[in-house]
Amino acid sequence: MVAPPPPGPQAGERVEGPHLRPTGAQAVCQLPLRAQAPHPVHLHPDVHPPAGGGAQGVTHPRPPAVQGEGVDLHPDGGARKANGLHHPGKGLGATVEQADRLHDLGVYRAAMSLPVIRIAEAGKYEGQDVELRGWLYNKRSSGKLHFLQVRDGSAIIQAVLFKGDVTPELFERADKLGQETSLIVRGTVKADRRSALGFELGVKDVQVIQEARDYPITPKEHGVAYLMEHRHLWLRSSRQHVILRVRHTIEKAIRDFFDQDGFTLVDAPIFTPAACEGTSTLFEVPYFDMGKAYLTQSGQLYMEAAAMAFGKAYCFGPTFRAEKSKTRRHLTEFWMVEPEVAFMSLEEDMVLAERFISFIVQRVLEKHEKELVDVLERDVSKLKNVVPPFPRITYTEAIEYLQKAGHPAKWGDDFGGDEETVLANQFDRPVIVHRYPAEMKAFYFRHDPANPQVALGMDVLAPEGYGEIIGGGERESDMATLEDRIQKHNLPMDAFKWYLDLRRYGTVPHAGFGLGVERTVAWVCGLHHVRETIPFARMMERITP
RNA sequence: UCCCCGAUAGCUCAGCUGGUAGAGCAGCGGACUGUUAAUCCGCGUGUCCCUGGUUCGAGUCCAGGUCGGGGAGCCA
């Protein structure tokens with residue numbers, strides 16, 4: 001738990017406007033608008049393949065202003081209200097139209113032999129004419145030239161229009177395009193030191209796919225609540241783009257780590273018959289004639305079965321908690337990865353956890369150090385420390401330390417957020433706290449043979465106040481002991497029959513842990529709140545978008 | 001469930017001890033051949049969250065409600 005001086009942006013944080021997002025140029029639901037009499041070299045063969053959806057009537061070459069059914073085309077930006085923004089598909093056979101569009105694009109490419117490239121690889125095409133497909137991120141102008149910032153999901157490039165290089169119609173039109181207008185740009189890649197990317201595009205031609213108006217996320221500040229309402233668009237912003245790419249890298253690193261280490265991915269079920277641990281509040285769902293089922297709060301028990309089958313196994317999936325927690329580190333739906341290993345002790349579990357976390361963090365640094373610094377303003381020196389071994393202290397030592405530091409903690413209490421932060425702040429990398437009072441832990445933890453008062457469990461606390469990112473430990477492998485615990489915890493023995501079978505048929509010592517993906521991403525990125533670490537956050541009072 | 005804070009223009013906010021609201025940005029029109037949240041000139045914008053109360057008069061004070069933000073407990 002955490003309640004610390006938030007490292008990242010504060011509660012009232014503002015976030016930038018523009019956006020980013022991958023995906024190819026597709027799903028075009030609006031007829032393209034084209035510059036009249038385009039650049040001589042790059043004439044638009046405004047010839048659609050025999051328009052199957054002839055309803056559009058847009059098969060004529062270069063109409064001055066074509067009116068289709070429900071769709072008006074405007075050669076300039078003057079008549080935007082009529083520009084069909086609000087009825088994209090009206091009167092269109094969308095499928096046919098899309099097909100035409102894609103076919104159409106193919107014709108252009110073939111006819112002009114222009115490579116269609118992603119912006120991130122623009123450097124490979126210096127001096128060449130290329131085609132980019134994307135969205136207008138922002139624009140500026142200065143009299144006789146316009147600067148269009150175009151993004152395609154891979155990066156942003158500045159496309160420069162000189163008045164003398166394009167038709168007057170196109171030049172005027174370009175100045176009126178709204179943010180997030182989808183477009184295709186053709187031009188020459190040029191090296192330029194003034195560009196963040198190192199390259200610019202000298203524009204020869206712009207083809208508008210759909211003209212966007214009044215995009216809600218402007219290049220100015222917005223509140224978090226507003227941005228969360230527009231999460232589906234907020235994903236396009238450069239900040240969100242970095243965060244979700246780091247999440248992607250972390251998820252890939254998780255899979256790579258376990259894959260390289262001989263683990264088998266075994267997916268755990270989402271519907272479960274009862275509370276696995278008997279602790280948290282779960283989401284109930286009706287389940288045919290069998291009464292109620294619950295959304296999983298952990299795949300661990302199933303991973304114990306998997307570990308007995310595969311030796312080393314892990315699951316990686318969503319987890320659900322119905323607790324009414326309104327904090328910056330809680331979601332009702334979050335992702336957790338849970339490895340479980342046969343013949344593994346608590347000590348080895350801690351070694352696995354520190355190797356695992358270090359691997360993830362170093363992988364993120366390899367791939368995203370520049371973005372972490374430039375966009376998220378993360379102090380990466382604190383991440384570079386994250387290498388084994390991690391400091392380890394027992395719960396009892398932690399309590400003693402807190403008491404010396406003047407906290408009213410006593411043995412048997414769980415740590416509050418403040419205490420966790422105080423502990424974590426003593427170290428320059430994650431700290432492992434182990435051997436908690438047995439009573440605080442779930443029934444399946446093995447108790448320490450040297451001191452039955454404590455369970456062989458461990459938590460990994462992230463630095464800088466991010467709190468618990470891993471919880472795990474060694475499981476009870478003795479059947480009689482386990483049966484006894486299930487009874488004492490008042491859990492339904494029936495539901496654990498299969499679980500006890502794991503002890504009946506070839507039981508072995510085993511251990512594992514669970515790592516919360518969102519908290520890990522929040523820590524690595526230095527974010528204030530976990531809601532930014534998942535594409536569409538589910539929280540107590542938010543289920544849309 | 002409990003505690004604290006907030007709600008004013010499309011967005012972000014200001015609005016003092018009560019006198020019927022105003023900045024920046026966005027939008028629109030114009031200027032500018034190197035802009036980087038471009039700049040400069042001009043234009044428009046309001047159920048001041050809702051209901052009731054106090055008052056000559058409420059954005060402002062009071063009560064209740066709604067919605068949002070943060071925290072506690074619990075967890076990853």
Side-chain angles (χ1 to χ4, degrees), chain A residues 1-4 6 10-18 77-78 80 137-149 156 158-165 171 175-176 178-179 192-197 200 213-230 237-238 277 279-282 297-298 300 318-338 414-418 420 440-442 459-462 466-472 513-523 528-531 533 539-542:
Chain A
M1 317 174 179
V2 202
Q10 293 293 328
E13 72 193 300
R14 296 286 110 68
V15 195
E16 86 302 343
R80 3 197 110 76
Y137 183 82
N138 197 4
K139 68 176 195 302
R140 285 176 282 273
S141 70
S142 181
K144 303 280 192 303
L145 64 166
H146 297 317
F147 303 97
L148 307 183
Q149 320 293 322
I156 299 174
Q158 176 158 272
V160 184
L161 276 86
F162 278 87
K163 191 164 190 174
D165 283 1
F171 189 79
D175 194 34
K176 299 178 193 306
Q179 211 184 322
D192 194 307
R193 254 174 300 161
R194 290 165 293 196
S195 153
L197 187 71
E200 289 187 339
R213 279 288 129 199
D214 300 323
Y215 185 69
I217 302 180
T218 61
K220 261 289 183 179
E221 49 194 333
H222 299 281
V224 174
Y226 179 84
L227 290 168
M228 284 303 287
E229 275 313 317
H230 297 83
S237 81
S238 54
E277 306 181 13
T279 50
S280 2
T281 317
L282 305 186
Q297 71 175 118
S298 164
Q300 187 208 306
T319 303
F320 308 88
R321 302 281 165 89
E323 256 124 24
K324 295 190 170 179
S325 300
K326 272 183 66 174
T327 82
R328 70 166 183 280
R329 76 201 96 91
H330 283 93
L331 298 168
T332 54
E333 177 182 317
F334 64 96
W335 285 67
M336 188 156 69
V337 54
E338 295 173 282
D414 207 346
F415 301 127
D418 291 346
E420 244 180 33
M440 284 167 46
K441 290 290 178 181
D459 286 350
V460 179
L461 308 183
Y466 282 93
E468 182 184 344
I469 53 172
I470 275 185
F513 60 78
L515 171 126
V517 169
E518 287 74 17
R519 286 189 185 177
T520 303
V521 176
W523 163 50
H528 174 69
H529 198 300
V530 291
R531 67 189 150 200
T533 67
M539 295 179 293
M540 205 175 118
E541 302 197 31
R542 160 151 271 119

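Hydrogens, waters and symmetry mates are skipped; everything else that's a heavy atom, side chains included, is used. The sequence lines fix the lettering, A, B, ..., with proteins before strands; numbering per chain opens at 1.
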Fill in: Whole-Å gap separating P (B:rC74) and CG (A:Leu282)
17 Å
Fill in: With A:His230 via ring-ring contact (aromatic ring centres under 6.0 Å, His included) - residues at least two apart
A:Tyr226
Discussion item. Let's see if you can work this out: which of B:rG27, B:rG34, B:rA76 has an atom nearest to the side-chain heavy atoms of A:His330?
Written reply: B:rA76
Discussion item. Using only modelled atom types and a 3.5 angstrom limit, is any donor from either the side chain of A:His222 or the base of B:rC11 paired with an acceptor on the other?
Written reply: no
Item to complete: Using side-chain hydrogen bond (donor to acceptor under 3.5 Å, both in side chains) as the criterion, list what pairs up with A:Thr332, not counting sequence neighbours.
Response: none
Fill in: Sequence-distant partners of A:Arg193, side-chain hydrogen bond (donor to acceptor under 3.5 Å, both in side chains), two or more places apart
none
Discussion item. Let me spell it out: for each of A:Ser195 and A:Met540, pick the nucleotide of RNA chain B with the closest heavy atom. Which residue's pick is nearer the 5' end?
Written reply: A:Met540
Worksheet item: If only atom types and distance count, is the side chain of A:Gln179 paired as donor or acceptor with the main-chain N or O of A:Ile217 below 3.5 Å?
Response: yes
Fill in: A:Arg329 side chain vs A:Tyr466 backbone, donor-acceptor pair below 3.5 Å
no
Worksheet item: Between the side chain of A:Arg519 and the main-chain N/O of A:Glu468, is any donor-acceptor distance below 3.5 Å?
Response: yes
Discussion item. Check whether A:Glu518 reaches the backbone of A:Trp335 with its side chain - one donor and one acceptor, N or O, closer than 3.5 Å.
Written reply: yes
Within the sub-3.5 Å range, which N or O atoms of nucleotides 30-32 of chain B have a protein N or O partner, and how far apart are they?
{"residue": "B:rC32", "atom": "N3", "partner": "A:Gly143", "partner atom": "N", "Å": "3.1"}

Discussion item. Taking the P atom in each of B:rA7 and B:rC49, what is the distance between them to the nearest angstrom?
Written reply: 8 Å
Worksheet item: Where the side chain of A:Arg329 is defined as all heavy atoms beyond and including C-beta, which of B:rA72, B:rU35, B:rA76 is the nearest nucleotide?
Response: B:rA72
Worksheet entry | OP1 or OP2 of B:rG71 under 4.0 Å from side-chain N/O of A:Arg328 | yes
Discussion item. Please tell me if A:Arg193 has a side-chain N or O lying less than 4.0 Å from either OP1 or OP2 of B:rG34.
Written reply: no
Worksheet item: Hey, does the side chain of A:Arg531 come within less than 4.0 Å of B:rG70's phosphate (OP1/OP2), counting only N and O?
Response: yes
Item to complete: Check side chain to side chain contact (heavy atoms under 4.5 Å, CB included) between A:Lys441 and all other residues, then give those that pass, not counting sequence neighbours.
Response: A:Tyr436, A:Phe445, A:Ala455, A:Asp459
Worksheet item: With sugar-phosphate meaning primed atoms plus P, OP1 and OP2, does A:Glu518 contact a base, only sugar-phosphate, or nothing at under 4.0 Å between heavy atoms?
Response: nothing
Worksheet item: Looking across every strand, which nucleic acid part, if any, lies under 4.0 Å from A:Phe147 by heavy atom: base, sugar-phosphate, or nothing?
Response: base
Response to the item:
Note, RNA chain B 5' to 3' with Watson-Crick or G-U pairs under 3.5 Å encoded as ( ), [ ], | and . gives (((((((..((((.....[..)))).(((((.......))))).....(((((..]....))))))))))))....
Response to the item:
Which of B:rC11, B:rA76, B:rA26 is nearest the side chain of A:Thr218? It is B:rA26
Response to the item:
Closest to the 5' end of RNA chain B, once A:Arg542 and A:Ile470 are matched to their nearest nucleotides, is A:Arg542
Item to complete: Check every strand shown and say whether A:Leu515 touches a base, only sugar-phosphate, or nothing at a heavy-atom separation below 4.0 Å.
Response: nothing
Item to complete: Determine the Euclidean distance between corresponding P atoms of B:rG24 and B:rC4; express it in Å to zero decimal places.
Response: 38 Å
Discussion item. Categorize A:Asp459 for me: base, sugar-phosphate, or nothing, with a 4.0 angstrom heavy-atom threshold over every strand shown.
Written reply: nothing
Worksheet item: Any idea which of B:rC75, B:rG27, B:rA72 is nearest the A:Thr327 side chain?
Response: B:rA72
